[in-house]
Amino acid sequence: MVRLAVNVDHVANVRQARGIDIPDPVTAALLVELAGAHGIVVHLREDRRHIQDRDVRILRQVIKTRLNLEMAATTEMIGIAREILPDIVTLVPEKRQELTTEGGLDVKGNFADLEKAIGELTGAGIAVSAFVDPEVAQIKASIEAGAAIVELHTGTYAEARDAEAKAIEIEKIAKAATFASKGGLKVSAGHGLNYRNIGGMSGIKEIEEMSIGHSIVARAIMVGMTQAVREMLALMG
Ligand code: PXP
């Protein structure tokens with residue numbers, strides 16, 4: 001069974017729009033767990049635009065599944081992760097102006113810094129995941145840098161307009177997943193996955209976990225979090 005990890009950043013976005021204390025992403029995370037999801041993901045951004053330090057600290061104490069902290073590999077974030085000790089840290093590239101993470105991490109191009117960051121996090125007992133484009137060179141670099149997991153970026157697949165373009169992207173993700181798995185990495189995937197396109201991932205047996213945020217929170221606004229999570233779990237089979 002493929003696991004579902006739900007990113008609750010967008011619940012925090014609604015809270016931050018008013019600068020008050022509701023809706024609380026911690027409450028959302030508890031509902032996500034009760035609905036049967038296997039993990040909670042939050043991205044603590046440098047500008048704190050949605051998730052706050054307090055959210056990560058409380059989530060660490062209250063959730064019963066796995067906490068995956070997405071973050072940039074900065075000194076500040078590494079310090080926070082080493083103190084709060086999430087189960088997983090997913091290292092992502094971060095740009096101030098972006099609406100959401102725009103692509104995979106360039107592990108090859110930033111090898112020395114990332115190898116050091118991964119070493120510091122792994123040394124604290126945290127499993128480190130590198131969010132990378134489905135490219136052999138980046139996966140190879142992730143293995144060499146000491147990552148335990150790669151999360152394959154599915155954004156290009158999600159944005160593909162027609163069946164042919166989608167098939168090309170699925171093929172790339174499948175090849176990358178096989179390469180990563182043979183190299184000893186655990187494989188996750190995420191970004192832009194929704195109720196309509198999740199089916200395309202179903203044939204890739206190496207993918208153990210899907211990380212999904214926006215589409216689930218968007219549906220939860222209409223039908224409630226429990227139903228939104230259950231519907232996605234049903235589609236994942
Ligand atoms: N995985 C990573 C590394 C991400 O940065 C994001 C977006 O926060 C997601 C998964 C989830 O993407 P989406 O919100 O499009 O489902």
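For ligands, and for the atoms within them, numbers begin at 1 and follow the listed sequence. Just so it is clear, the values below take in all heavy atoms, side chains as well, and ignore hydrogens, waters and symmetry mates.
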Would you say Phe131 and ligand 1 have an N/O pair spaced under 3.5 Å apart? no

Which residue in the set Leu44, Val42, Leu67 passes side chain to side chain contact (heavy atoms under 4.5 Å, CB included) when paired with Pro86? Leu67

Of the backbone atoms (N, CA, C, O) and the side-chain heavy atoms from C-beta on, which set of Glu151 has a member under 4.0 Å from an atom of ligand 1: side chain, backbone, both, or neither? side chain

Lys/Arg-Asp/Glu bridge criterion (N-O < 4.0 Å) met for Glu208, Arg66: no

Looking at Arg45 and Glu70, is any side-chain nitrogen of the basic one under 4.0 Å from a carboxylate oxygen of the acidic one? no

Top protein contact for atom 16 (O) of ligand 1, by heavy-atom distance: Gly213 N, 2.8 Å

Closer than 4.0 Å to some heavy atom of Asn7 - which atoms of ligand 1 meet that? 8 (O)

Determine whether more than 12 heavy atoms belonging to other residues, nucleotides or ligands lie under 6.0 Å from atom CD1 of Ile22. no

Quick test of your reading of the model: are Glu144 and Lys140 salt-bridged, counting only N-O distances below 4.0 Å? no

Could an N or O of ligand 1 be found under 3.5 Å from any N or O of Gly192, whether backbone or side chain? yes

Quick check: are there more than 12 heavy atoms from other residues, nucleotides or ligands sitting under 6.0 Å from NZ of Lys108? no

Below a 4.0 angstrom heavy-atom separation, can you tell me which part of Glu70, side chain or backbone, both or neither, approaches ligand 1? side chain

Ligand 1 and His214, any nitrogen or oxygen pair closer than 3.5 angstrom? yes

Closer than 4.0 Å to some heavy atom of Ser211 - which atoms of ligand 1 meet that? 1 (N), 10 (C), 11 (C)

